[in-house]
Amino acid sequence: MIVGLIMALGVLSLLVALYFRQRVVSVKIEDGAASAEEVKRLTLISDAIAEGAMAFLGREYRMLSIFMVLFAVIILFTVDHGQYTAAAFLIGAGTSVISGYIGMRIATKGNVRTASAARQGITKAFRVAFEAGAVMGFGLTGLAVIGLALVYLGIDFLLPIGVGITREIQMEIISGFGLGGSAVALFGRVGGGIYTKAADVGADLVGKVEAGIPEDDPRNPAVIADNVGDNVGDIAGMGADLFGSVAESTCAALVIGAAAYAATPEAAQNLNILLFPMLANGVGIVASLISLFFINVKSEDKVESSLKRALVISTALMLVALYPVTMWAFGTQTFMVGSVTVTAMGVFAALAAGLIAGLLIGLITEFYTSHAYKPVREVADASKTGSATNIIYGLALGYNSAVIPMLLIAISVVVGYMAAGMYGIALTAIGMLGTIAVGLTIDAYGPVSDNAGGIAEMSEMGPDIRKRTDALDAAGNTTAAIGKGFAIGSAALTSLALTSAFLTRANGVLTAEGGSVMDLNITNPNVLAGLLVGGALPFAFSAMTMKSVGKAAFDMIEEVRRQFRTIPGIMEGTGKPDYAKCVDISTQASIREMIAPGLLVILTPLLVGFLFGTQMLAGLLIGALVVGVMLAVSMANSGGAWDNAKKYIETGVHGGKGSDTHKAAVVGDTVGDPFKDTSGPSLNILIKLMAIISLVFAATFAQKGGILLEMFK
């Protein structure tokens, strides 16, 4: 019964996505255009953005397909029941690819329709952009839920419980699905982030600072690449990131739960308990759907509050709905996780802790990144004395903003563990991701609105239309920052849940073979060495991705300068820039530069596990988690603050656009671009991917790991 219910909720999510897709594509561009010539310009520009976005995805996915096959072969020959885990891995990777493709397609259809609808009023334009985001939000969530359920059914059919096969082994195999989704997310985030920021930095520094032309001016050769980048980074990249989080947190709870159920025969036979983590994701779909009915924008100043209202209402609805669902699934059944007795009430408490913490982290992120509040206005004030003070204040803001989210994550971990042991930690991650459908809807709305503003500017629709799209974009910029904070917080709990599952599985293998439980005492030199190396990894990874953006941006800047010098009449509007060349530069640079950071993340846990064993690997995962989360929060919030400080000045304060203060803020925003859209968000995947790789290979590392240490004994 529960499998059917989970599948039904997943199908509901896909049907909602399909419904909103039909609503978006049914909007006619010509209904909002002033003339046939404007329709032609809108179509031409949007087609160029769509073509560039899909071309990038095609090239990225072709390269990824080679990697995925090679990694599946490694799984096949090194993991017990490797053929099944490899199949789950490829299914997860394929589902993540489909999610990114769906989001990209609807975003490139929704952006031009949002621009056109803006002539009919802010309400119509908002509705189009929001519904385009809903396709991504509900489509991705539905695919994650259905994908997990189908993989479970397939494994249960091919490897039924019997001699040599336990529920724990089944769930470990299913973890391959989460690994596939996260592997695609890594390259999607890094590659997309490099693409978008190379174009953005080139367009800003040469166009706005050097040439003194407005943002999204059609005379800027990098303008199409910049708009393409909004899609490949914030749509495909973010979508793959959160798809991976949903799959991974669910897999972690399934593995820990299966190990605990094995010691309680009554619980082991209860599929309602076993598959409850999947059901919790499904409950979030319904809560997110109902929250959409409370969104109604009638004026420009109500956009941001409407988006936040949906997030708050969906959180409240899920909190209410989870209680009866949890009581129904668990009833009076209890089981032990370590020394903690797990009850229905404990499960609900763990889920609630994650759900509430996620909302609070989002709101705190808004406080530090919205120019409606003091921190960002201080950064804007600091711009009056130049770009150096702007950057100093922005860095300080980012460091300070990491404190409260870390405290909330810490509280969630303590509550989750007290309520349900390590299983409770995994459930807090699921709770934080409970409203992912509406959260991703709000996040995807941002780049659609941003693109709409660019298309309106390039199509010369007029200042009134641009004012409306700017109002949509301003709200989207804040909600995008909220989305990044939400993604980082959920990544922290997901990584911790996966690490808990890894420890549970590895210890289970060690004790089954007559060994002892891992000694994770901090004075153990292997653990301590792992902590130190793990703490260094986020810095090494961030340095690589930042330099990659710098290299790609250098090529872009040189090309934009060359075109300004050599194309006659480009500044007068009579010469046409070579947009395709800039798109190609970003595409080539992102594909080339994403390889090294990706290999660092993927190879590190494999090498440490095989060469140094599970103790050092456990330390590595914790070290990377603690440092990576703080660095990710500070980078993302610094970048968001620099961006919104610039936008605050553009409202007319401190001299407005074109002033020295504005130029200083543009420099700060340019520094912040790779902070908030490349390195910061990519750290989410670093900590998650290393943890799930460790989980999938846990039994292998426990049995055969520590080769180098054994040699020196």
Residue pairs, two or more places apart or on separate chains, that pass side chain to side chain donor-acceptor pair (under 3.5 Å) and touch residues 416-433: Tyr261-Tyr423
What I'd like to find out is whether the side chain of Leu179 reaches to under 4.5 Å of the side chain of Ile75, using heavy atoms alone. yes
Within 6.0 angstrom of Met418 CE, more than 12 heavy atoms from elsewhere: no
Can you list the residues that meet the salt bridge (Lys or Arg N to Asp or Glu O under 4.0 Å) rule with Asp80, with sequence neighbours excluded? none
Could you walk me through whether Leu274 and Leu271 satisfy the side-chain contact (heavy atoms from CB on, under 4.5 Å) test, starting with their C-alpha distance in whole Å, then the side-chain angles of each, then the deciding distance to 0.1 Å, before giving a yes or no? CA-CA 5 Å; Leu274 181 70; Leu271 283 183; 3.7 Å; yes
Verdict with reasoning, Thr494 to Ile687, per side-chain contact (heavy atoms from CB on, under 4.5 Å): CA-CA 9 Å; Thr494 299; Ile687 61 177; over 6 Å; no
Is the ring pair His81/Tyr84 parallel, tilted or perpendicular, if the boundaries are 30 and 60 degrees? tilted
Any sub-3.5 Å donor-acceptor pair from Thr141's side-chain atoms to Phe138's backbone N or O? no
Pairwise side-chain contact, Thr614 with Asn507, heavy-atom cut-off 4.5 Å (strictly under): no
Thr85 side-chain N/O to Gly82 backbone N/O, donor-acceptor pair under 3.5 Å: no
Whether the Ser679 and Thr545 side chains hold a donor-acceptor pair (N or O, under 3.5 Å, no angle test) is what I'd like checked. yes
With a 4.5 Å cut-off on side-chain heavy atoms, are Ile409 and Ile361 touching? yes
Contacts of type ring-ring contact (aromatic ring centres under 6.0 Å, His included), residue Tyr152, not counting sequence neighbours: none
Could you tell me whether the side chain of Leu531 reaches within less than 4.5 Å of the side chain of Ile622, counting heavy atoms only? yes
Would Phe187 and Phe67 count as a close aromatic pair, with their ring centres under 6.0 Å? yes
Quick one: does any side-chain atom of Ser638 pair with a main-chain N or O of Met635 as donor and acceptor, under 3.5 Å? no
For residues 243-252, which side-chain donor-acceptor pairs fall under 3.5 Å, sequence neighbours excluded?
{"from": "Ser245", "atom 1": "OG", "to": "Asp241", "atom 2": "O", "distance (Å)": "3.4"}
{"from": "Ser245", "atom 1": "OG", "to": "Lys688", "atom 2": "NZ", "distance (Å)": "2.6"}
{"from": "Glu248", "atom 1": "OE2", "to": "Ser182", "atom 2": "OG", "distance (Å)": "2.6"}
{"from": "Ser249", "atom 1": "OG", "to": "Ser245", "atom 2": "O", "distance (Å)": "2.9"}
{"from": "Ser249", "atom 1": "OG", "to": "Val246", "atom 2": "O", "distance (Å)": "3.2"}
{"from": "Thr250", "atom 1": "OG1", "to": "Val246", "atom 2": "O", "distance (Å)": "2.7"}
{"from": "Thr250", "atom 1": "OG1", "to": "Asn281", "atom 2": "ND2", "distance (Å)": "2.8"}

Heavy-atom donor-acceptor pair, Thr504 side chain to Ser500 backbone, under 3.5 Å: yes
Distance-only, no hydrogens or angles: does the Gln83 side chain make a donor-acceptor pair with backbone N or O of Leu76 under 3.5 Å? no
Please confirm whether Phe177 and Phe89 have ring centers closer than 6.0 angstrom. no
Mind checking whether Val633 and Met406 have side chains closer than 4.5 Å, heavy atoms only? no
What pairs meet the salt bridge (Lys or Arg N to Asp or Glu O under 4.0 Å) rule with one or both residues in residues 352-366, with sequence neighbours excluded? Lys308-Glu366
Using side-chain contact (heavy atoms from CB on, under 4.5 Å), reason through Ile74 and Phe697 one step at a time and then give a plain yes or no. CA-CA 10 Å; Ile74 294 174; Phe697 286 84; 4.3 Å; yes
Angle class for the Tyr323/Phe348 ring planes (parallel below 30°, perpendicular above 60°, tilted otherwise)? perpendicular
Looking at Phe367, I want to see if its CZ is surrounded by more than 12 non-hydrogen atoms of other residues, nucleotides or ligands under 6.0 Å. yes
Contact list for residues 342-355, test side chain to side chain donor-acceptor pair (under 3.5 Å), sequence neighbours left out: none
